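Here the structure comes first, spelled out in structure tokens, and everything after it is commentary.
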Amino acid sequence: MKYTELVDLYDQLATTSSKIRKTEILARFLEKIDDDTLLRKALLLIMGTVFPPWSEEEIGVATKLTIRAISRAYGVSEENIEAKWKEKGDLGLIVEEIATRKKQVTLFQRDLTVEKVYDNLKKAAEAEGEGSQERKIMYISELLIHATSKEAKYIVRTVLGDLRVGVAEGIVKDAIAKAYFTDIIWEALLTQPCGEGKSRYDLIFEEKGRRVWIEKPAYITLGRLSSLKLRRFMENNEVKLVEREEIEKLESLWKKKSNVDMIILVSAEKGSEMKQKIIDLLERAFALTNDLAHVAVVAKNEGEEGLRNVSLVLFRPIRVMLAQRAYSIREAFSTVGRPAALEYKYDGFRVQIHKDGDKVKIFTRRLEDVTRQFPDVVRAVRECIKADQCVVEGETIGYDKETKKWLPFQKISRRIRRKYDIEKMMKEIPTMTNLFDIIYLDGKLTIDLPFKERRTLLAKIVEEKPYEMVLAKQIITDRDEEAQRFFEEALSMGNEGIMFKNLDAAYKPGVRVGHMVKLKTTLETLDLVIVGAEWGEGKRSGWLTSYILACRDEDTGELLTIGKMSTGLKEKSEDGTTYEEMTRLLKPLIVKEKGKEVEVIPKIVVEVTYEEIQKSPHYTSGYALRFPRFVRLRTDKSVEEIDTLQRIEHLYRVQRHRNEGGGSDGK
Ligand code: AMP
């Protein structure tokens, strides 16, 4: 496949902000690809990478090297490129400009293929050891020499991990569903706007050459919307009017079996149920493999059955199940049901432990491999877990070696980042791991078992050793008073709060479920990413002292600013993060400077409290935090995991509701 085809797709995706349109465009693109290897490579490139997320590898070519590659390809001096880059900030645009200017003189231009771009980028990323920098430059400049100006722009953006086409995982997942499974649409959707002044039904009328089933009563609605358009729609597509029974009889929604591209139904309930089944299967397969490109290949070739059979691969981390939040004991019970399992919510970091015989690996919830940093956890696994093969989950906390009191997350977080003096740190901050779930045991996934059975299995394979490895402290109750007592006990032990878990629920990887909730005391905090900062003045000069925060648009993946934070950090190194430390973290990430202000690569995630959320035209999110205050670094969270615009909108509404006298008991 020619790389220009992918570049056209990037352009189309970048120029629409509508999620539905992006999905549509991407689905049509995927449908065209028959070859599995090509599909895999193209999908990874669409997501701006050449590695699936389970692999810890990133393209990770430094800006300096990229500039050198550009210089080599076009014969422009590095200083010149660097100066332009400092001014504009986007090397992609700069290379496009240079390439347009230089085009007349290139005699080498020949068609780049998706495969060639993928292979070269991968080789550049993987080059190691002696001469590797030179090889990296060579692989990239080779691509640039043959690229058109537009291709060059996207190549450079991919190299730098900043594609800017606004396709988050959600859209890719929806597009996979649309490309390989019958699309289900119902009446209510037909009139729903999809952005850009269009409604869903406008999109449907743009369809051509599709096999469409329309449930008879829905046809009447369609006719009411526009008879002329409907006629054209009927002419352009292979349309069949059907009864509900015929739809019910469909065994599979996999297009290869169903032979239907789209079904227009009357009932929203039935429609969303049919649609959700496919989305659930895709989500599960994705969470287990962490590889959407692989999921796409399975969906294309094997449909529902293939997805259902997807399992995890030992030593590749899976996406964990996440909890919702409750604000009172009553609310927690009403969400998960009574009786429920209540557990301490330990203030440590989540570990996903993979074990096969003596081989053990520890992953964080960000799927980072921290095995090397925690030989004590590895030893505890070998001593305490009596299963040959398993994947279990728990929370590792640090404790004071003298008093044996549990320590807050901040202390142990130092160990997560530590790459040297590991033995020393291990003695300074010993850890214990509290196991709370099991995902896989001796060749079988256990995620579909009810929670209480998983806990029993876990208990069977764990030989507890205090201050090394134990089961999470748990009670089962249906009574508010008992829950209250347990909550207070948990807090007095230094925990963050407690968890409520439905006893019969399955483990849903990668999903924030309603059958597991957390109850904490503190006010809701937000996890946001730093996208810019300002140099301080006076005795704070030399430090970056105020930070521009951003949340994330769930649909497009775009980062949107929401406020400027300058309090909560320490001046001296006492207990907590200092301005100096923050400056050290941010400085290598600076991409642009203007006066006192700098722009940084969004990497540092921080937890922030605030007094209130206000509407504000000043920030791109449309909201501003009043008095944002730094709580702690969230090294365990990635930019993809920060709080979303959608959540901020929700909090804003809840807050308004409370201010207007609504509100809950807030316990
Ligand atoms: P949060 O990070 O605030 O979304 O809270 C969920 C986190 O609580 C999980 O990701 C775990 O790291 C942590 N946690 C601590 N104790 C437990 C427990 N007993 N069960 C589940 N999660 C726990």
Side-chain angles (χ1 to χ4, degrees), residues 1 20 23-44 46-47 52-54 167 169-186 189 207 209-215 237-240 242 244-265 270-313 316 318-319 444-445 447-448 506 508-511:
M1 179 186 261
I20 293 178
T23 311
E24 200 80 33
I25 293 166
L26 186 51
R28 294 293 101 86
F29 181 84
L30 296 180
E31 275 174 353
K32 287 190 304 197
I33 306 179
D34 209 29
D35 181 77
D36 291 351
T37 317
L38 175 61
L39 176 59
R40 190 175 167 75
K41 292 181 176 176
L43 250 185
L44 287 168
I46 288 164
M47 291 184 279
W54 59 258
V167 191
E169 274 159 1
I171 289 178
V172 179
K173 225 181 300 162
D174 287 352
I176 294 174
K178 227 178 218 295
Y180 308 117
F181 294 92
T182 311
D183 197 6
I184 310 286
I185 288 164
W186 50 95
L189 280 185
E207 298 279 341
R210 323 288 284 168
R211 299 159 297 184
V212 185
W213 281 11
I214 305 180
E215 194 183 355
N237 297 285
E238 194 187 301
V239 181
K240 184 174 159 198
V242 294
R244 168 68 73 85
E245 291 84 73
E246 201 165 343
I247 300 168
E248 304 270 355
K249 267 192 250 151
L250 268 181
E251 273 170 30
S252 163
L253 289 179
W254 185 32
K255 277 189 202 168
K256 280 196 186 154
K257 268 210 174 140
S258 71
N259 270 320
V260 193
D261 293 310
M262 184 195 291
I263 298 179
I264 304 179
L265 277 169
K270 176 76 188 161
S272 58
E273 179 200 312
M274 287 171 81
K275 202 168 186 145
Q276 198 57 43
K277 270 197 195 141
I278 301 297
I279 293 289
D280 284 352
L281 275 177
L282 286 171
E283 267 173 3
R284 173 188 156 109
F286 174 46
L288 285 171
T289 57
N290 252 306
D291 186 348
L292 269 178
H294 175 68
V295 173
V297 173
V298 174
K300 171 167 90 64
N301 298 334
E302 298 167 60
E304 288 103 330
E305 200 177 327
L307 291 175
R308 227 171 271 129
N309 290 334
V310 164
S311 185
L312 60 72
V313 178
R316 283 190 198 168
I318 74 160
R319 301 199 163 215
K444 283 202 198 86
L445 277 176
I447 57 177
D448 294 319
K508 294 244 184 289
V511 185

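The first residue of the sequence shown is numbered 1, and numbering continues consecutively from there. This one's a predicted model, so the numbers in the text were calculated from it and none came from an experiment.
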Under a 3.5 Å distance rule, please check whether [X] uses its side chain to pair with a backbone N or O of [Y] as donor and acceptor.
{"X": "K255", "Y": "A179", "answer": "yes"}
{"X": "K300", "Y": "D34", "answer": "yes"}
{"X": "N237", "Y": "V239", "answer": "no"}

Any [X] side-chain heavy atom under 4.5 Å of [Y] side chain:
{"X": "R284", "Y": "V310", "result": "no"}
{"X": "P53", "Y": "M47", "result": "no"}
{"X": "D291", "Y": "R40", "result": "yes"}

Task: With E238 via side-chain contact (heavy atoms from CB on, under 4.5 Å) - residues at least two apart - done: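 For E238 the side-chain contact (heavy atoms from CB on, under 4.5 Å) partners, ignoring immediate neighbours, are R211.
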- [ ] Quick one: list whatever passes side-chain contact (heavy atoms from CB on, under 4.5 Å) with K257, sequence neighbours left out.
- [x]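 Testing K257 for side-chain contact (heavy atoms from CB on, under 4.5 Å), a comparison that skips the adjacent residues, returns S252, W254.
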- [ ] Let me see the working for I263 and L250 under side chain to side chain contact (heavy atoms under 4.5 Å, CB included), right down to the final yes or no.
- [x] CA-CA 11 Å; I263 298 179; L250 268 181; 3.6 Å; yes
Greater than 12 external heavy atoms within 6.0 Å of [X]'s [atom1]:
{"X": "K277", "atom1": "NZ", "value": "no"}
{"X": "E251", "atom1": "CD", "value": "no"}
{"X": "K256", "atom1": "NZ", "value": "yes"}

Open item on the list: Could you walk me through whether E302 and R308 satisfy the salt bridge (charged side-chain N to carboxylate O under 4.0 Å, His left out) test, starting with their C-alpha distance in whole Å, then the side-chain angles of each, then the deciding distance to 0.1 Å, before giving a yes or no?
Closed with: CA-CA 10 Å; E302 298 167 60; R308 227 171 271 129; over 6 Å; no
Open item on the list: Using salt bridge (charged side-chain N to carboxylate O under 4.0 Å, His left out), reason through E169 and K173 one step at a time and then give a plain yes or no.
Closed with: CA-CA 6 Å; E169 274 159 1; K173 225 181 300 162; over 6 Å; no
Open item on the list: Could you work out, with side chain to side chain donor-acceptor pair (under 3.5 Å) as the rule, every residue matching E246, not counting sequence neighbours?
Closed with: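 Expected list: K240.
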Open item on the list: I'd like to know whether K270 forms a salt bridge (charged side-chain N to carboxylate O under 4.0 Å, His left out) with E248, so could you lay out the CA-CA distance, the side-chain angles of the two residues, the decisive distance to 0.1 Å, and finally the verdict.
Closed with: CA-CA 10 Å; K270 176 76 188 161; E248 304 270 355; 3.4 Å; yes
- [ ] Could you check K249 against E245 for salt bridge (charged side-chain N to carboxylate O under 4.0 Å, His left out), going step by step and ending with a plain yes or no?
- [x] CA-CA 6 Å; K249 267 192 250 151; E245 291 84 73; over 6 Å; no
Task: Salt bridge present between K508 and D280 (N-O < 4.0 angstrom) - done: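 No.
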